[in-house]
Amino acid sequence: MPKFLIESLLRRPVTEKAPAADEAGLTELGRCLDAAAHRKLGRSLAIREVDAGSCNGCELEIHALNNAIYDLERFGLKFVASPRHADVLMVTGPVTANMREALERTHAATPDPKWVVAVGDCALDGGVFAGSYAVVGGVDAVIPVDLHIKGCPPSPKALLEGLIALIEKSA
Amino acid sequence: MSLRAALFDAALEVADQKPWPRIRVDEETWARAAFGLHAGDVTLTALWGEPGAVHMGLIEEETGEVLVLSLDCPDGTFPSVGVTHAPALRLERTIREMVGLVPEGCPDERPWLDHARWGVRHPLGAAEPAPAEGAPYPFLAAEGPPMHQIPVGPVHAGIIEPGHFRFTANGETVVRLEERLGWVHKGIERLAIGADLEHAAKIAARISGDSTVAWSLAFARAVEAASGTEVPKRAHWLRALMAEVERVANHLGDVGAVCNDAAFAQMLNRCGQLRETVLRAAAAAFGHRLMMDRVAPGGTTVDLIDPKPLAEMVAALRHGFPPLVRLYDTTVSLLDRTVTTGRLDPVLARRWGAGGHVGRACGRRFDARRLPGYAPYDVLRFDVPIREAGDVDARVWIRILEIGESLGMIEQLLAGLPKGPHRVDVARGAAGSEGVALTEAFRGDAFAWVRLDGEGRIARAHFRDASVFQWPLLEAAIAYNIVADFPLLNKSFNCSYSGHDL
């Protein structure tokens with residue numbers, strides 16, 4: 001144990017350089033972020049993740065954002081345990097009929113100003129699950145979406161690029 | 001004569017299913033099989049329905065031989081298996097709501113996946129419109145003056161899948177946990193009906209994203225069995241290579257996450273770095289971090305791009321993982337949380353046919369790579385680690401030891417990778433031809449069954465994740481532990497919500 005702590009103190013950080021903001025994301029966000037919200041929140045955003053029907057692939061890569069290599073918190077972004085504490089809802093999956101109300105309620109419980117980031121191809125339009133009796137559709141079929149991060153699942157780098165676009169625009 | 005052989009002798013008709021037979025039986029034989037499950041002579045591996053018939057998949061543990069029994073239900077009912085064999089209960093509730101066949105005598109009348117939100121009833125049977133306003137769900141009671149209930153979910157505090165847990169506690173002690181699942185039900189089996197093989201493979205790859213290789217493999221092997229497609233040797237080896245890389249990545253994530261739930265973040269941090277090393281090697285070797293859509297009927301969709309990143313990953317883990325194992329095994333405050341916590345009764349593990357680390361931490365030896373076995377595991381050297389304690393610590397140790405076994409297999413696979421094509425065209429197969437496969441995902445055996453329509457499409461499919469039989473055991477394992485140990489215990493199981501809900 002002490003060996004581990006000393007090693008951690010002495011070695012260089014494993015965290016990698018930040019990617020640039022995603023251009024497409026910047027354009028999409030340009031439409032929705034207003035100056036007042038930027039002043040209130042600055043560059044720090046609290047994110048609440050909601051799986052609305054995902055296969056859990058997106059969750060694996062969202063988890064990776066918290067590891068030492070991507071280290072999301074250095075950007076002022078952190079995951080919180082309750083929508084009451086959140087500025088951003090990060091929603092994955094096609095929204096299933098069974099999760100629809102839970103997603104609506106989570107959105108309602110998130111204080112304004114708030115943004116919704118839809119993560120993954122399913123969150124865009126239902127992906128391979130589109131058209132099922134049990135699937136409502138993409139996230140914007142249920143709540144308004146401010147930013148889509150595509151991919152199946154998006155890599156942590158793609159997620160970072162999208163989120164950096166969010167704080168660039170809200171800064 | 002084994003029960004499996006006796007049941008086979010009682011067949012009224014043998015269906016065109018490969019590699020293991022599916023037989024049509026009468027009610028008496030069905031009841032005999034149900035009693036065999038109760039007696040422990042065979043293990044239930046699947047129970048599903050389609051309009052007019054129910055199917056029961058049995059496995060004989062000593063030989064790994066599978067047998068599927070089918071019972072016609074002309075009056076829309078079948079004798080309940082769950083009434084004598086509890087592992088069948090949730091499966092029968094699913095058959096009742098999905099297909100509309102009624103399990104006569106099933107003691108649980110409640111729906112399971114159907115939350116009355118779909119706007120349709122019996123989506124896998126004679127679908128008809130239904131209200132979509134939701135319906136109250138009566139949880140099982142645990143009554144007494146000091147009891148209180150803690151409802152949790154479906155939206156959880158962490159970055160995890162949705163599910164609802166209803167705890168009844170006496171102070172800090174959990175008296176009863178009841179799960180309510182189905183939140184991420186996407187209608188996968190209905191989507192598969194009529195899908196061409198390429199699209200169906202994409203759906204199968206998303207049954208549970210963390211097991212995408214294992215599920216793609218289960219689906220592909222079922223289709224290949226049904227259609228009589230012989231896959232080239234190189235494809236078998238590439239598939240195993242991906243499956244073992246997937247296993248290592250998931251086990252690393254779980255070891256770190258279990259320790260983190262005991263507030264020991266150092267392990268999560270270190271394991272997270274190693275997991276990232278594995279995923280980057282996977283991306284460099286196969287073009288996708290999770291290797292999604294890389295396995296498909298007929299072989300693999302990509303050849304190995306570069307073996308070097310995988311070899312380097314193995315070396316990095318052989319160097320970086322053992323110190324973490326020593327750290328785990330010498331940190332008393334951490335072991336204090338994992339040892340004796342969430343002990344699962346081995347009798348239950350056996351009765352429910354618990355696969356993966358849940359079963360193997362309780363002495364159940366079953367591993368689909370060994371029995372029934374499939375290529376290329378018949379020529380690979382590996383051990384199936386077993387622990388007896390059945391607690392969180394034992395489940396962590398199974399993962400630790402399996403990481404070592406998988407690294408050894410990755411080395412063997414890289415060293416002996418056969419030359420040749422990695423994919424062949426899939427044969428059409430006759431209309432109505434059926435295939436079944438069991439593969440070993442990181443969390444346990446994945447069961448896939450398909451029926452082809454003879455035109456290159458899926459006529460019907462059924463998928464059963466290992467989680468189906470592990471979720472109920474979590475309810476048993478948490479009893480009389482403290483509420484605060486639930487995250488730890490839950491993570492040590494790490495059941496799939498998506499794989500369960502389909």
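Each chain gets a letter, A, B and so on, in the order its sequence line appears, and its residues count up from 1.
- The only option from B:His115, B:Lys186, B:Arg117 that meets the side-chain contact (heavy atoms from CB on, under 4.5 Å) definition with A:Thr96 turns out to be B:Lys186.
- For CD of B:Glu198, the number of neighbouring non-hydrogen atoms (other residues, nucleotides, ligands) closer than 6.0 Å is 12 at most.
- Contact annotation for A:Ala109: neither backbone nor side-chain heavy atoms come within less than 4.5 Å of a heavy atom of chain B.
- Between A:Glu59 and B:Ser498 there is no side-chain heavy-atom pair separated by less than 4.5 Å.
- Contact of A:Phe79 with chain B is made through the side chain alone, with heavy-atom distances under 4.5 Å.
- Between A:Arg48 and B:His156, the shortest heavy-atom distance links the atoms NH1-O, 2.6 Å.
- Contacts of B:Leu113 with chain A are made by backbone atoms alone, with heavy-atom separations under 4.5 Å and no side-chain atom involved.
- Of the residues considered (B:Ala249, B:Gly158, B:Ala132, B:Gly272), B:Gly158 shows the highest number of contacts with chain A, using heavy-atom pairs under 4.5 Å.
- Residue pairs meeting the salt bridge (charged side-chain N to carboxylate O under 4.0 Å, His left out) criterion with at least one member in residues 272-281 of chain B, sequence neighbours excluded, are A:Glu16-B:Arg280, B:Glu276-B:Arg280, B:Glu276-B:Arg289.
- Interface residue B:Leu191: only side-chain heavy atoms are found under 4.5 Å from chain A.
- Nearest heavy-atom pair across A:Asn66 and B:Ile159 is ND2-CD1, 4.1 Å.
- Contact tally against chain A (heavy-atom pairs below 4.5 Å) for B:Ile203, B:Val155, B:Leu290, B:Asp210: the top residue is B:Asp210.
- In this structure, chain B has a heavy atom under 4.5 Å from the backbone of A:Val80, while its side chain stays farther away.
- Only the side chain of B:His199 comes within contact range of chain A, judged by heavy atoms closer than 4.5 Å.
- Summarising the local packing, CZ of A:Arg84 is surrounded by 12 or fewer heavy atoms from other residues, nucleotides or ligands at distances under 6.0 Å.
- In this structure, the portions of A:Cys152 lying under 4.5 Å from any heavy atom of chain B include both its backbone and its side chain.
- The closest side-chain heavy-atom distance from B:Leu279 to A:Glu61 is below 4.5 Å.
- When A:Gly93, A:Ser132, A:Ser155 are compared by the number of non-hydrogen pairs under 4.5 Å with chain B, A:Ser132 comes out ahead.
- When heavy atoms are compared at a cutoff of 4.5 Å, A:Asn67 approaches chain B solely by way of its side chain, counted from C-beta outward.
- Heavy-atom distances place no part of A:Ser82 under 4.5 Å from chain B, backbone and side chain included.
- Residues satisfying the salt bridge (charged side-chain N to carboxylate O under 4.0 Å, His left out) test with B:Asp254, not counting sequence neighbours, are B:Arg399.
- The greatest number of non-hydrogen atom pairs below 4.5 Å with chain A, out of B:Ser208, B:Gly256, B:Ser496, is found for B:Ser208.
- Most heavy-atom pairs under 4.5 Å with chain B: of the set A:Met90, A:His63, A:Arg100, this distinction falls to A:His63.
- A:Ala134 and B:Gly187 make their closest contact through CB-N, 3.9 Å (heavy atoms, listed as atom of the first residue, atom of the second, distance).
- B:His185 and A:Phe129 have their aromatic ring centers separated by at least 6.0 angstrom.
- Of all non-hydrogen atoms in B:Glu161 and A:Asn56, the two that sit nearest each other are OE2-ND2, 3.1 Å.
- Of the atoms belonging to B:Tyr328, not a single heavy atom falls under 4.5 Å from chain A.
- A:Ala68 approaches B:Asn269 most closely through the heavy-atom pair CB-OD1, 3.6 Å.
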